[in-house]
Amino acid sequence: MERKKRTAPSIVAMKERGEKIAVLTAYDHMTARLLDEAGVDMILVGDSAAMVVLGYENTLPVSLDAMVLLTAAVARARPKALVVGDMPFMSYQASIDDAVRSAGRLVKEGGAEAVKLEGGRRMVPKIAAVLEAGIPVMGHIGLTPQAIHELGGYRVQGKNDDAKERLLDDAKALEEAGCFSMVLEGMPWQVGKAITESISIPTIGIGAGPHTDGQVLVVNDILGYVEGKVPKFVRSYGDTKKVVSEAAGGFVRDVKSGAYPDLDESY
Ligand code: KIV
């Protein structure tokens with residue numbers, strides 16, 4: 001049976017049916033096609049591209065232009081999955097106008113079908129304005145990497161009762177603002193569960209335990225295509241680093257020895 005195109009409303013309906021939601025990031029056309037064939041429900045063109053594609057230390061430096069370019073590459077795969085464009089740091093924080101125009105670029109030039117932005121209650125006016133422009137918004141609370149300096153590093157959030165209450169209030173504010181879903185990042189599983197049970201829109205967890213309505217991971221992490229130690233919540237499903245190293249090593253060997261190309265590989 002042909003899969004139906006995922007839309008923001010159909011993602012909300014998945015929670016109503018109790019169906020888990022699988023989300024991965026992608027930053028290029030081919031990966032987007034393969035993830036879509038594998039059946040993901042949403043492809044997030046995350047600002048994690050700053051780190052895993054562009055080699056920056058954190059997500060802050062990536063520009064809106066770069067995010068538009070990467071989003072367009074993914075959208076051209078015409079996936080059944082919903083394409084969500086991530087709004088990079090300083091593309092929406094300064095003003096409501098910025099938020100609407102940046103979201104508009106991700107949709108108009110990048111082909112995104114929804115956008116994601118980080119932050120709780122204080123982002124409600126911007127979320128409302130983007131929604132007013134007809135663009136579905138995914139929220140993102142908990143460990144919000146664009147606020148790394150405010151948070152004092154990549155720290156698990158919601159660890160005491162007050163912090164948990166604040167996250168619950170943020171989640172309710174985003175739901176009331178009209179978000180169609182929200183990412184819950186870096187929080188104890190009990191907090192992920194409490195938020196998920198207290199709102200009607202889907203929660204997509206990353207390091208937020210097993211009780212969220214869906215899960216998202218960075219594609220490089222599941223592929224084993226990253227340098228250094230990965231966070232505790234990452235499950236790796238492949239060893240792409242090994243595949244790339246072996247293929248590149250084989251090519252270098254064959255060129256150096258003259259084994260590549262042979263006459264069958266020549267015009
Ligand atoms: O940028 C990203 O990849 C993200 C996910 C980790 C949720 O925001």
Side-chain angles (χ1 to χ4, degrees), residues 11 20-28 31-32 35 40-64 66-71 73-74 81-93 102-103 106 110 112 114-120 123 127 136-148 151 153-158 167 170-171 174 179-187 191-192 195-196 201-209 212-223 225-226 230-236:
I11 295 291
K20 288 275 190 184
I21 301 165
V23 186
L24 284 169
T25 67
Y27 321 96
D28 71 274
T31 306
L35 300 190
V40 296
D41 298 298
M42 289 192 257
I43 298 177
L44 170 65
V45 188
D47 65 355
S48 48
M51 301 167 82
V52 297
V53 177
L54 302 174
Y56 290 114
E57 238 172 60
N58 56 46
T59 59
L60 303 184
V62 70
S63 66
L64 181 61
M67 291 306 299
V68 168
L69 196 77
L70 299 175
T71 304
V74 167
L82 183 74
V83 177
V84 181
D86 211 359
M87 296 181 65
F89 181 59
M90 288 319 290
S91 71
Y92 60 98
Q93 282 88 349
S102 302
L106 284 168
V115 298
K116 176 172 84 58
L117 58 83
E118 297 183 9
M123 285 301 154
I127 292 169
V137 179
M138 174 185 242
H140 185 162
I141 59 171
L143 197 180
T144 45
Q146 290 177 20
I148 178 185
L151 301 177
Y154 295 109
R155 296 167 194 276
V156 174
Q157 301 295 301
L167 282 178
D170 279 337
L174 295 192
C179 287
F180 75 96
S181 65
M182 73 186 71
V183 169
L184 305 183
E185 178 164 357
M187 60 186 70
V191 182
I195 293 174
T196 300
I201 57 170
T203 57
I204 310 296
I206 173 162
T212 52
D213 299 304
Q215 298 290 332
V216 57
L217 283 175
V218 168
V219 71
N220 296 58
D221 286 340
I222 68 151
L223 294 177
Y225 201 39
V226 277
V230 292
K232 176 182 179 187
F233 58 78
V234 166
R235 187 177 293 179
S236 174

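Just so you know, ligand 1 is whichever comes first in the structure, and atom 1 is the first atom listed for that ligand.
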Element-labelled atoms of ligand 1 that are located less than 4.0 Å from some non-hydrogen atom of Gly46: 1 (O), 2 (C), 3 (O)
Check: Glu185 N/O within less than 3.5 Å of ligand 1 N/O: no
Any Glu118 heavy atom less than 4.0 Å to ligand 1: no
Per-atom contacts of ligand 1 with Lys116, taking only distances under 4.0 Å to non-hydrogen atoms: 8 (O)
Any N/O pair Thr25/ligand 1 closer than 3.5 Å: no
Beyond-backbone contact of Tyr154 with Asn58, side-chain heavy atoms, under 4.5 angstrom: yes
Under-4.0 Å heavy-atom contact with ligand 1, by part of Ile206 that carries it: side chain
Whether over 12 other heavy atoms sit under 6.0 Å from Phe233 CZ: yes
Close side-chain approach of Glu118 to Tyr92, heavy-atom, < 4.5 Å: yes
Nitrogen or oxygen atoms of Asp86 and ligand 1 under 3.5 Å apart: yes
Those residues that, when tested against Asp213, pass salt bridge (Lys or Arg N to Asp or Glu O under 4.0 Å) (two or more places apart): Lys15
Shortest protein contact, atom 4 (C) of ligand 1 (heavy atom only): Leu44 CD2, 3.7 Å
Atom 2 (C) of ligand 1: nearest protein contact (heavy atom, Å): Ser48 OG, 3.3 Å
Side-chain heavy atoms of Glu185 within contact of Pro145, under 4.5 Å: yes
Note, Leu184 side chain near Thr196 side chain (heavy atom, < 4.5 Å): yes
Enumerated ligand 1 atoms positioned under 4.0 Å from heavy atoms of His140: 8 (O)
Student check: side-chain heavy atoms of Met138 and Ile204 closer than 4.5 Å: yes
Within-cut-off N or O pair, Asp47 and ligand 1, under 3.5 Å: yes
Residues Leu106, Val68; criterion side-chain contact (heavy atoms from CB on, under 4.5 Å); working and verdict: CA-CA 5 Å; Leu106 284 168; Val68 168; 4.1 Å; yes
Residue part near ligand 1, for Ile204, under 4.0 Å between non-hydrogen atoms: neither
